[in-house]
Structure formats: C-alpha cells, structure tokens
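Comments concern the structure below.
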Amino acid sequence: MDARLNLFGSPLAGTFLKHLVSAGKALSDSALPLEVQELVKIRASQINGCGLCLDIHTKEAAAAGESALRLNMIAAWRETTVFTEAERAALEITEQGTRIADAAGGVSDEAWEAAARHYDQDQLLALVSLIAVINSFNRLNVILRQPGGDYRVGQFA
C-alpha cells in the first residue's frame with residue numbers, strides 16, 4: 001500500500017501535525033491513566049481501520065508493559081474479563097464517540113454516567129478530547145492511505 005501524499009514532505013502537513021501532536025501531548029500529560037489512553041487509541045483505530053495508528057499504539061502499549069492478552073482482546077472487550085470497569089466505561093465512550101453518526105444523540109447518558117463513576121471532570125475532558133484527537137489522526141491516515149507496519153517504538157517522540 002502506498003500513501004496518497006507524503007505527509008512528512010509537506011510544510012502544511014508538518015504545521016498541522018505539529019499542532020495535532022501538541023494536543024495529544026497535552027492529553028498524555030493529563031490525569032487520565034496512560035493504560036486507558038492507549039486502550040482508547042487502539043479501539044478507535046480498530047473501528048476506523050487505521051493501520052498506522054494501530055501499529056503505533058499497539059507497539060507503544062506493549063513497550064509500556066501492556067499484556068498481549070489484553071491487546072488481543074480490545075476488539076472484543078465486552079466478551080472478556082481482562083478489563084476493569086473503568087476501562088470498560090472508557091471503551092464504551094470511545095465506541096459511541098467514534099461511531100457518533102451511527103447513534104441519534106451521540107454518546108448515551110448511560111455510557112456517560114458509567115464513565116463519570118470512574119473519572120473526574122478533568123479526566124472525562126481528557127477522555128473525550130483524546131477520542132477527538134485519535135479520530136482526527138485516524139481519518140487523516142485512512143484518507144491518505146498511510147500504511148502501518150514499519151513503526152518503531154518512540155519513533156515520533
């Protein structure tokens with residue numbers, strides 16, 4: 001698979017990506033647990049079919065100590081016992097927030113209330129913002145057909 005455009009050779013793309021990465025950095029420094037952040041990025045990327053983001057975030061999560069079992073089970077998180085209630089609430093918000101066009105009203109009150117039982121207001125804001133940021137990266141990469149598979153841990157740090 002070849003990319004449609006060279007994101008790394010475009011000054012405009014460089015400026016845009018710098019700002020998007022900066023937004024992501026603000027969220028990675030938030031009080032939202034890093035394990036939850038990676039689960040959210042992986043699940044949204046699975047839904048959106050973003051190979052590059054899946055490559056990045058599964059490798060980064062594994063390098064940070066996430067187990068292969070949990071990484072392999074993210075797509076079927078509802079049918080597993082390996083995620084905490086807080087992680088399950090974050091994954092539900094991620095799915096509903098990523099599939100926003102599929103549900104009238106977007107994220108349900110039930111999903112929001114479940115997440116609010118586990119996360120404070122700043123963490124909820126970080127969670128929702130992270131969903132928005134990873135969906136932006138996913139859409140950019142999918143539209144431009146950015147291939148996954150060659151990412152090295154820490155490559156974009």
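Keep in mind that this is a model prediction, so the values were computed, not measured. What you see below is based on every heavy atom in this structure, not just the backbone, and it leaves out hydrogens, waters and symmetry mates.
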Residue list, ring-ring contact (aromatic ring centres under 6.0 Å, His included) with Y151, at least two apart or on another chain: F156

CZ (R145) with more than 12 external heavy atoms under 6.0 Å: no

Nearest-0.5 Å distance that lies between atom CG in L34 and atom CG in L27: 11.5 Å

Any donor-acceptor pair under 3.5 Å from T15 side chain to P11 backbone: yes

Straight-line distance of I143 CD1 to C50 SG, nearest 0.5 Å: 10.5 Å

Minimum side-chain heavy-atom gap T80-R88 below 4.5 Å: yes

Heavy-atom pair with the smallest gap, counting every atom of R139 and N48: NH1-ND2, 3.3 Å

Listed once per pair and sorted, the side-chain hydrogen bond (donor to acceptor under 3.5 Å, both in side chains) pairs that draw on residues 25-38, sequence neighbours left out: K25-D29, E38-K41, E38-H57

R43 (side chain) donor-acceptor with T94 (main chain) under 3.5 angstrom: no

Side-chain donor/acceptor of D55 to backbone N/O of G51, under 3.5 Å: no

R152 CZ: over 12 foreign heavy atoms closer than 6.0 Å: no

CD (Q121) with more than 12 external heavy atoms under 6.0 Å: no

S136 (side chain) donor-acceptor with A132 (main chain) under 3.5 angstrom: yes

Please report, to 0.1 Å, the donor-acceptor pairs under 3.5 Å made by any side chain of residues 67-77, with sequence neighbours excluded.
unit_1: S67; atom_1: OG; unit_2: R70; atom_2: N; d: 3.1
unit_1: R70; atom_1: NE; unit_2: E66; atom_2: OE2; d: 2.5
unit_1: R70; atom_1: NH1; unit_2: V82; atom_2: O; d: 2.7
unit_1: R70; atom_1: NH1; unit_2: E87; atom_2: OE1; d: 2.9
unit_1: R70; atom_1: NH2; unit_2: E66; atom_2: OE1; d: 3.3
unit_1: R70; atom_1: NH2; unit_2: E87; atom_2: OE1; d: 3.4
unit_1: R70; atom_1: NH2; unit_2: E87; atom_2: OE2; d: 2.8
unit_1: N72; atom_1: ND2; unit_2: A68; atom_2: O; d: 3.0
unit_1: W77; atom_1: NE1; unit_2: E95; atom_2: OE2; d: 2.7

Reported OG1-to-CD1 distance for the pair T98 and I47, which is rounded to 0.5 angstrom: 5.0 Å

Sidechain-backbone polar pair: Q123 side chain, A31 backbone, donor-acceptor under 3.5 Å: yes

Whether Y119 side chain and A126 backbone form a donor-acceptor pair below 3.5 Å: no

